[in-house]
Amino acid sequence: MKKKIYIAGAGGMLGEAFYRIFKDDYDIKCTDKDVNEQWLGFLDFRNFEAYRKDVEAFKPDFLFHLGAHTDLEYCELNVDDTYLTNTTSVENAVFIANKLNIPVLYISTAGIFDGNKDFYDDWDEPNPLGHYARSKYMGERYVRENATRYIICRAGWMMGGGPEKDKKFISKIIKQLVNGKRELHIVNDKDGTPTFTVDFAKNVKLLLEREYWGLYNMVCNGETSRYEVAEEIVNILGLSDEVTLHEVSSSYFNETYFAPRPPSERLVNKKLELRSMNIMREWKTALKEYIHDYYTEYLQQENISLVKEKIIL
Ligand SMILES: NC(=O)c1ccc[n+]([C@@H]2O[C@H](COP(=O)([O-])OP(=O)(O)OC[C@H]3O[C@@H](n4cnc5c(N)ncnc54)[C@H](OP(=O)(O)O)[C@@H]3O)[C@@H](O)[C@H]2O)c1
């Protein structure tokens, strides 16, 4: 008999990878308030009674609470909904998991640090700057202080989901290139650690199967910056001769990206290393695989001959 996992908020970038990685070895039930796949059912986890009933009816062995509001600007503008979604709903998940006596998985973020250090290990003290980060950190703390058994994994700059689901940096850059832009403005004052959703889901699976409960930084290996990631995308697409990257400071995007962001959100997977559990790959290797696996068809469909001909994979 396969073990059962209830995965809440599974309709986004990370949920797509969790579905892929867990669906064969486990009996899974995936829900979201955005039912964008045939394998998703509807659940708005802000509704405690509905959440409790749905999870209890499935009788899972684990509860994965993945979903959140992840748009930092939305969070600054919609503060109550942000805490209801990113913090209070996590309390719901912990109540439910504790009542069923099952472990809960929560996804935290590198963004909970203030960026005054170059690198953060698992034991550094968070100091969240904006409402997204604060709401996620309060969710993390609630799990740490109240869940009977838990795994908390802190992700960095997420790479995953492909053209339909990826709302983040990689997709924004690729879409600009696909739309013919050859001059890109990229910030030169933001450092971080990319995190491939597929590697992340595999590493969570490993921890779960070893029953290594606790809090873990979980990012791809190798530190980088937004600028270097953009450069690497252009290289992977074979466009380095045609594309010019202009370095700008974050203030260049002040109007669009007005939420506070730390200058450094680089994590190191210290605990995973110490437990010999770090199976995250180098970010450049993961980025290449991500673009190859998720974007090849999209690039062909867009009929971008320049990109299509030169794509190096
Ligand atoms: N993306 C990153 O760079 C990043 C980095 C570090 C950590 N994380 C964390 O990783 C987790 C997964 O994020 P992701 O990257 O997969 O983000 P995502 O693509 O935005 O997916 C989040 C999903 O949660 C859903 N959701 C939001 N409110 C919900 C509710 N009340 N009930 C049910 N589902 C709800 C969203 O639906 P709607 O689209 O309808 O809102 C969306 O489908 C989150 O906890 C996030 O904080 C993300």
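All ligand and atom numbering here is 1-based and tracks the order in the structure.
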Exercise. With a cut-off of 4.0 Å, which atoms of ligand 1 are near a heavy atom of Ser108?
Worked result: 6 (C), 7 (C)

Problem set entry | Lys165 N/O under 3.5 Å from ligand 1 N/O | no

Problem set entry | Min side-chain heavy-atom separation Asn98-Arg149 under 4.5 Å | no

Exercise. Counting only N and O atoms by type, is there a donor-acceptor contact under 3.5 Å from the side chain of Asn278 to the main-chain atoms of Leu272?
Worked result: no

For this session: Enumerate the atoms of ligand 1 whose separation from the nearest heavy atom of Gly11 is less than 4.0 angstrom.
Result: 43 (O)

Exercise. Which option out of Met159, Met158, Lys33, Arg46 puts a heavy atom nearest to atom 38 (P) of ligand 1?
Worked result: Lys33

Exercise. If you measure from each non-hydrogen atom of Leu14 to ligand 1, which part falls under 4.0 Å: side chain, backbone, both or neither?
Worked result: both

Exercise. Side chain or backbone of Asp71 under 4.0 Å from ligand 1, or both, or neither, by non-hydrogen atoms?
Worked result: neither

For this session: Could you say whether the N/O atoms of Asp32 and ligand 1 ever approach to under 3.5 Å?
Result: yes

Seminar exercise, completed: Which of Phe18, Tyr51, Tyr6 passes ring pair (Phe, Tyr, Trp, His ring centres under 6.0 Å) with His65? Answer is Tyr51

Problem set entry | Leu66 N/O under 3.5 Å from ligand 1 N/O | yes

Problem set entry | ring-ring contact (aromatic ring centres under 6.0 Å, His included) between Phe22 and Phe64, intermediate numbers included | CA-CA 11 Å; Phe22 283 89; Phe64 288 3; 5.3 Å; yes

For this session: Would you tell me which option among Met13, Glu265, Lys167, Met218 has the nearest heavy-atom contact to atom 39 (O) of ligand 1?
Result: Lys167

Exercise. Given the side-chain rings of Tyr252 and His246, with only the six-membered ring counted for Trp, is the space between their centroids under 6.0 Å?
Worked result: no

Exercise. Does the N or O separation between Lys136 and ligand 1 drop below 3.5 Å for any pair?
Worked result: yes

Problem set entry | Set of side chain to side chain donor-acceptor pair (under 3.5 Å) partners for Arg266, sequence neighbours left out | none

